[in-house]
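Working notes, beginning with the structure itself.
In what follows, every chain begins at residue 1, and chains take the letters A, B, ... in the order their sequences are listed. On a predicted model such as this, the values are computed, not experimentally measured, just so you know. Reckoned from all heavy atoms, side chains included, excluding hydrogens, waters and symmetry mates.
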Number of protein chains: 2
Amino acid sequence: MTPNIPKATAKRLPIYYRYLKILADSGKKHVSSTELAETVKIDPATIRRDFSYFGALGKRGYGYDVSSLLAFFKTTLSQDKLTNVALIGVGNLGQALLNYNFHKSNNARISAAFDIDPQITGLIRSGVPVYPLEDMQEQLRLQQIKIAILTVPAAVAQSVTDELVAGGIKGILNFTPLRVTVPENVRVQNVDLTNELQTLIYFLQHFEHNG
Amino acid sequence: MTPNIPKATAKRLPIYYRYLKILADSGKKHVSSTELAETVKIDPATIRRDFSYFGALGKRGYGYDVSSLLAFFKTTLSQDKLTNVALIGVGNLGQALLNYNFHKSNNARISAAFDIDPQITGLIRSGVPVYPLEDMQEQLRLQQIKIAILTVPAAVAQSVTDELVAGGIKGILNFTPLRVTVPENVRVQNVDLTNELQTLIYFLQHFEHNG
DNA sequence: GTGAGATTGTGAATTAGTTAACATCTTTTA
DNA sequence: TAAAAGATGTTAACTAATTCACAATCTCAC
């Protein structure tokens, strides 16, 4: 297993991966940190340092070989195998994520969805079966799903989270505005659209020039 | 105007604001940093430091007065006035954001949407008029909109961004996977769902215990 | 081959962010 | 009124992240 990478670096890996795919598609053979820096908007020294955590991936005077770097990140980001993910709460946002189809640009897919609304449970939405919430723990275990996308109303966020944990979930992509409580070995990644918008507004008001 | 706040602090302000609203609604009169820390999952010392950038907002031995702190953040986050926002690209995700209705928990609303598809331009979707993309610059100026949510296909992300900038946009909430190029005085906040998911998968694989 | 030019990988310096620790002030209770 | 308890604001210590700057190494044109 890879050595302990700084968190900040880990968050940038998917960006590198995506851009390497684009470069590979465009037929580029090699790329320098400076060149990559311009497209991903990250300082070249930071890119070199990030890459160097994984060993010497480049060649002096030449740069990084696109296809081998791509292959490296593919395995590092587990993109060489399919990851199944559950979606909890098929409302506005949930439905949009079902359509969004991560699978296109990402080797992950929503393979099961859950909701309380009996109008939609039992149906297939955007190619994904929708189960009733009561069956959640059972299905999660059965399908061995370890990651859940949480798009339920805030009021039930914590109780559903508790069930997810009981069902063996290890990672939660939390779209609710609440900071849910989980055991230490479960990771929560918060995606809060209202927050992002407010932060943007704040920066515009208070950091007039760049930031 | 407020002094220069660390970026990390600025990103936490919306979280504080949201939780203060919840506390106020539940009738709480005052709150200590320790108590708040538990609900928002941020170290109490960090909370005190964050608040202290804005001056002495609390009282020793008592904590922070919920309603006055709430009022303070309300103005600081420009939540005391309505902010109009444009949505560019009424696809899956765009439509979901229209329904999402920021307005409920946030004094911002999407007041105009834009798309190329003649099937939907001219219509009102989820209460918001959809204009053809050709009219974008004109409408942005007319309605004095400074913030845009970008939910267009990646292929046109940069060209649409250039138009947004030409139309006077100062902040972009970018849902496309591309890192768009903008002038220095324009701020881009990237929200990349695929990234978030990949990062989560990476952390689960490589940081078995918490992180 | 050889030398000019390119570009990495990384110590060292710097900057940013977090946390500990505590003097200081406020509240409360008796 | 005095003393105990509570909780801030902030200095100082620490940890994390970024960036500089350059020796080491490679490429490629001739």
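- Not a single side chain to side chain donor-acceptor pair (under 3.5 Å) links A:T34 to another residue, sequence neighbours left out.
- The side chain to side chain donor-acceptor pair (under 3.5 Å) search around B:T181 returns A:K41, not counting sequence neighbours.
- The side chain to side chain donor-acceptor pair (under 3.5 Å) search around A:E134 returns none, not counting sequence neighbours.
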For residues 145-155 of chain B, which side-chain N or O atoms pair as donor and acceptor with protein atoms under 3.5 Å away, sequence neighbours left out?
| residue | atom | partner | partner atom | Å |
| --- | --- | --- | --- | --- |
| B:T151 | OG1 | B:I88 | O | 3.0 |
| B:T151 | OG1 | B:G89 | O | 2.7 |

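- Applying a 4.0 Å cut-off to non-hydrogen atoms, the residues of residues 9-27 of chain B that approach DNA chain C are B:R12, listed by residue number.
- Using a 4.0 Å heavy-atom criterion, one finds that B:F51 contacts no nucleic acid atom at all.
- With respect to B:S68, the side-chain contact (heavy atoms from CB on, under 4.5 Å) criterion is satisfied by exactly one of B:L70, B:D65, B:V66: B:D65.
- You can see that DNA chain D meets the heavy atoms of chain B within a 4.0 Å-exclusive cut from D:dG6 to D:dA12, reading 5' to 3'.
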Contacts table for residues 55-64 of chain B: side-chain donor-acceptor under 3.5 angstrom, sequence neighbours left out:
none

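- Where DNA chain C meets chain A (any atom under 4.0 Å from a heavy atom), the bounding nucleotides read 5' to 3' are C:dA6 to C:dA12.
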Just distance, no hydrogens or angles: give the donor-acceptor pairs under 3.5 Å from side chains in residues 16-24 of chain B, sequence neighbours left out.
| residue | atom | partner | partner atom | Å |
| --- | --- | --- | --- | --- |
| B:Y16 | OH | B:D50 | OD2 | 2.6 |
| B:R18 | NH2 | A:D192 | OD1 | 3.0 |
| B:R18 | NH2 | A:D192 | OD2 | 2.7 |
| B:Y19 | OH | A:R179 | N | 2.8 |
| B:K21 | NZ | B:S105 | O | 3.1 |

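- Heavy-atom distances to DNA chain D give each of B:R49 and A:D43 a nearest nucleotide, and the one nearer the 5′ end belongs to B:R49.
- Counting only residues at least two apart or on different chains, no salt bridge (Lys or Arg N to Asp or Glu O under 4.0 Å) pair has a member in residues 77-103 of chain B.
- Scanning for side chain to side chain contact (heavy atoms under 4.5 Å, CB included) contacts around B:V182 gives B:T161, B:V165, B:I172, B:V180, B:V186, B:V188, with sequence neighbours left out.
- In this structure A:N190 satisfies the side chain to side chain donor-acceptor pair (under 3.5 Å) test together with A:N174, sequence neighbours excluded.
- Contact annotation for B:S33: backbone-only contact, meaning every heavy-atom pair under 4.0 Å involves sugar-phosphate atoms and none involves a base.
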